[in-house]
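Worksheet: one structure, shown below.
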There are 4 protein chains.
Amino acid sequence: MINRVILVGRLTKNPELRYTPNGVAVTSFTIAVDRPFSNQQGEREADFIPVVVWRRQAENAANYLAKGSLTGVDGRIQTRNYENNEGRRVYVTEVVADSVQFLEPKGSRRAAAGDNYGASMPAGPTSGSTPNYGPTDSQQNAASRDQNPPSFNDPFAHDSKPIDISDDDLPF
Amino acid sequence: MINRVILVGRLTKNPELRYTPNGVAVTSFTIAVDRPFSNQQGEREADFIPVVVWRRQAENAANYLAKGSLTGVDGRIQTRNYENNEGRRVYVTEVVADSVQFLEPKGSRRAAAGDNYGASMPAGPTSGSTPNYGPTDSQQNAASRDQNPPSFNDPFAHDSKPIDISDDDLPF
Amino acid sequence: MINRVILVGRLTKNPELRYTPNGVAVTSFTIAVDRPFSNQQGEREADFIPVVVWRRQAENAANYLAKGSLTGVDGRIQTRNYENNEGRRVYVTEVVADSVQFLEPKGSRRAAAGDNYGASMPAGPTSGSTPNYGPTDSQQNAASRDQNPPSFNDPFAHDSKPIDISDDDLPF
Amino acid sequence: MINRVILVGRLTKNPELRYTPNGVAVTSFTIAVDRPFSNQQGEREADFIPVVVWRRQAENAANYLAKGSLTGVDGRIQTRNYENNEGRRVYVTEVVADSVQFLEPKGSRRAAAGDNYGASMPAGPTSGSTPNYGPTDSQQNAASRDQNPPSFNDPFAHDSKPIDISDDDLPF
DNA sequence: TTTT
DNA sequence: TTTT
């Protein structure tokens with residue numbers, strides 16, 4: 001049994017950091033990967049692949065990545081399903097990252113791209129059952145710390161409704 | 001831009017071979033890959049990953065694989081979307097295989113039953129515009145010959161309406 | 001920075017389990033992977049890839065794998081170099097496995113292949129600085145326990161001289 | 001049988017473009033990939049992985065990559081051996097690239113210096129039997145234009161004797 | 001609902 | 001020095 005995915009592409013939007021009811025951090029984003037060939041109309045297309053990252057790596061990803069960031073992901077494909085509010089079963093296929101790589105050379109993009117970072121302060125992991133949508137402290141300072149971005153590791157949860165993020169989705 | 005997926009797991013059902021309106025063969029199946037860890041309830045889970053294979057590989061996969069076959073896939077993640085008959089946009093994430101490996105050692109399962117290999121090939125690309133929706137002979141026999149079939153609950157027993165398969169989906 | 005390798009092939013020989021001076025288990029083997037194409041002489045060739053596995057996974061690999069075993073490896077490429085006894089610098093490129101998968105279906109091969117397993121008893125991890133060449137207790141019983149082989153994880157060290165295996169080679 | 005490698009790292013030197021006696025282009029370089037952990041002395045290490053690329057990709061790699069270029073490689077591990085001029089059998093493990101990705105964002109390093117892209121292409125396959133051993137114009141300039149060249153100690157500054165490159169080594 |  |  002082997003399940004391994006490696007992606008290099010660009011984020012379609014800023015990553016979203018949330019917390020499960022138990023306070024576990026999870027970041028999700030979509031990575032656009034251009035296809036190496038053109039379609040029958042001669043156009044270049046891309047695949048838009050949902051990625052989730054858990055725990056410490058979630059917070060790193062939220063700090064160091066932004067819309068357009070060239071990013072590497074090493075992880076696995078996960079499928080899950082849930083019943084939505086219309087009683088319909090929704091099937092989700094996403095990549096759970098073991099490791100996320102910030103491939104943008106130092107001093108580029110993110111340092112300049114710091115648009116809407118630094119909105120409301122987060123309740124944080126200790127806040128219990130209320131999902132957290134704001135940036136963390138460290139996000140606020142991210143632009144200035146952007147010098148030598150680290151690599152980080154781990155995985156799970158997508159489809160942006162907070163109710164979708166459960167501690168049951170924790171990979172381990 | 002890198003998009004690479006490697007999977008080893010077992011088919012949840014017999015593969016389905018179809019043809020696009022232009023007569024291009026495409027086989028789809030779901031591969032179940034056990035997760036290497038247990039969930040919070042201590043249960044072993046699996047991911048059920050939809051895979052498609054095109055052209056000659058499609059016909060090979062349809063001939064050599066069956067429900068339960070241990071199978072390797074090397075490919076890429078593809079996302080696409082289409083409007084379903086209810087006018088709703090459906091988003092699909094699946095693996096497009098570059099290569100499919102039949103990992104069942106000889107003398108086992110399907111290989112032991114390897115009587116009709118190469119027999120009754122479907123009318124194929126030359127048959128023009130009529131897609132082939134029924135199971136092939138060998139598929140039908142495969143199910144009954146299956147010695148120790150793992151029982152998987154295939155979550156992708158949806159979205160396999162023939163209308164989904166278009167020549168526009170051809171990878172190249 | 002991404003370094004990921006996935007292999008499925010067959011062991012060319014039984015795996016070799018050793019211990020570093022500090023008693024850390026390390027297993028090495030070579031995996032033969034057939035190339036998917038023929039050479040200019042129309043012959044099928046293979047690549048013979050050295051793999052190392054560390055710690056608990058080393059002992060599992062030694063127990064469950066044997067010459068000819070169909071095996072999956074998920075790991076990374078590692079390069080290192082050392083000076084051999086002729087004062088020559090030797091460059092080694094090998095795969096360090098994070099995870100090793102026994103793909104042989106239960107009850108096959110190994111159960112029958114138990115040829116020279118169960119030779120002299122090993123001094124074991126506690127024996128300190130003397131590398132251990134014999135099979136472990138658990139290896140002796142391997143043939144009888146072979147029912148549902150597990151998967152296992154981790155990595156490092158090749159080129160069979162015991163002096164090559166140092167605690168400095170530990171990946172973490 | 002699966003043999004898949006994905007690497008993202010930086011070239012230790014400019015790539016070397018050569019031609020087989022039959023005029024087939026082959027480029028080789030070493031890619032340095034930092035390890036995601038520190039060794040027992042708390043130092044960060046890297047793996048130095050030899051890569052070869054054939055045909056059109058070879059010429060692209062030679063044109064677009066230079067020492068220090070952040071580069072993605074998707075390929076397979078190849079092992080081969082040959083007898084060196086001392087009559088000794090030399091074993092080589094290297095990555096044969098199916099695809100090489102130039103990951104340096106535009107406006108940086110080599111891309112900024114992208115003056116002579118497509119200029120002075122080597123005589124190439126049509127030149128017949130004369131291998132090209134010297135650096136290309138663009139390679140020579142690349143070294144001097146290199147803004148912040150990482151300094152890597154390339155352990156594969158050996159075994160690049162032209163005699164190693166034979167038409168028998170062609171992957172297909 | 002998509003990136004450069 | 002190689003596996004099926």
Side-chain angles (χ1 to χ4, degrees), chain A residues 7-16 28-36 43-51 65-73 103-105 108-110 113 158-161, chain B residues 1-3 78-81 83 88-91 93 101-108 111, chain C residues 7-16 28-36 44-51 65-73 103-105 108-110 112-113 158-161, chain D residues 1-3 78-81 83 88-91 93 101-108 111:
Chain A
L7 305 170
V8 174
R10 293 187 182 278
L11 295 216
T12 60
K13 302 169 133 183
N14 285 337
E16 286 186 47
S28 50
F29 55 83
T30 295
I31 187 167
V33 185
D34 296 328
R35 294 186 187 160
E43 306 150 345
R44 222 59 185 307
E45 291 178 295
D47 295 292
F48 299 96
I49 301 164
V51 178
L65 299 176
K67 179 180 177 175
S69 295
L70 187 67
T71 305
V73 169
L103 299 174
E104 219 67 61
S108 84
R109 188 177 310 271
R110 189 48 203 288
H158 190 76
D159 211 3
S160 303
K161 299 297 175 18
Chain B
M1 298 298 169
I2 294 176
N3 180 345
Q78 172 163 82
T79 58
R80 60 189 171 89
N81 59 79
E83 199 160 295
R88 206 187 263 274
R89 191 135 292 267
V90 180
Y91 292 87
T93 301
Q101 292 292 322
F102 184 37
L103 298 174
E104 219 67 62
K106 47 195 169 187
S108 85
Chain C
L7 304 171
V8 174
R10 294 188 181 277
L11 296 218
T12 60
K13 301 169 134 183
N14 286 335
E16 288 187 45
S28 51
F29 54 83
T30 295
I31 187 167
V33 185
D34 295 329
R35 295 185 186 160
R44 223 59 185 307
E45 291 177 294
D47 295 293
F48 298 96
I49 302 164
V51 177
L65 300 175
K67 178 177 178 178
S69 295
L70 186 67
T71 304
V73 169
L103 299 173
E104 218 66 63
S108 84
R109 188 177 308 273
R110 192 44 206 288
H158 190 76
D159 212 3
S160 304
K161 298 298 175 17
Chain D
M1 297 297 170
I2 294 177
N3 180 344
Q78 172 163 81
T79 57
R80 59 189 172 91
N81 60 78
E83 198 159 296
R88 206 188 265 273
R89 189 136 292 266
V90 180
Y91 291 87
T93 300
Q101 293 291 321
F102 183 39
L103 298 174
E104 219 67 61
K106 48 194 167 189
S108 85

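All chains are named by letter (A, B, ...) in the order of the sequence lines, taking the proteins before the strands, and each is independently numbered beginning at 1.
Rounded to whole Å, the distance from CZ on A/F48 to P on E/dT1 is 11 Å. One can place CE of D/M1 at 10 Å from P of F/dT4, the figure rounded to the nearest angstrom. Residue C/L65 contributes atom CG, which lies 14 Å from atom P of F/dT4 at whole-angstrom precision. The CG atom of D/N81 sits 7 Å away from the P atom of F/dT1 (whole-angstrom rounding). As rounded to whole Å, 16 Å separates atom P of F/dT3 from atom CZ of C/F29. If you take CD of C/E16 and P of F/dT1, they are 17 Å apart, rounded to a whole angstrom. The separation between C/R35 atom CZ and F/dT3 atom P is 15 Å, rounded to whole Å. Taking atom CD1 of C/I49 as the reference point, atom C1' of F/dT3 lies 12 Å away to the nearest angstrom.
Comparing atom distances between the C/K67 side chain and each of E/dT1, F/dT3, E/dT3 picks out F/dT3 as nearest. Of the candidates F/dT2, E/dT1, E/dT4, E/dT4 carries the atom nearest the A/D34 side chain, counting heavy atoms from C-beta on. Between F/dT4, E/dT3, F/dT2, one nucleotide has an atom nearer to the side chain of C/T12 than all others, and that is F/dT2. Of the listed nucleotides (E/dT3, F/dT3, F/dT2), F/dT2 has the atom at the smallest distance from the side chain of D/Y91.
Annotation: side chain to side chain donor-acceptor pair (under 3.5 Å) contacts of A/D34 (sequence neighbours excluded): none. Under the side chain to side chain donor-acceptor pair (under 3.5 Å) criterion, C/R44 pairs with no residue at all, not counting sequence neighbours.
A/D47 and B/N3 get closest at one heavy-atom pair: OD2-ND2, 3.9 Å. Heavy-atom minimum distance, C/K67 versus C/N14: N-OD1, 2.8 Å.
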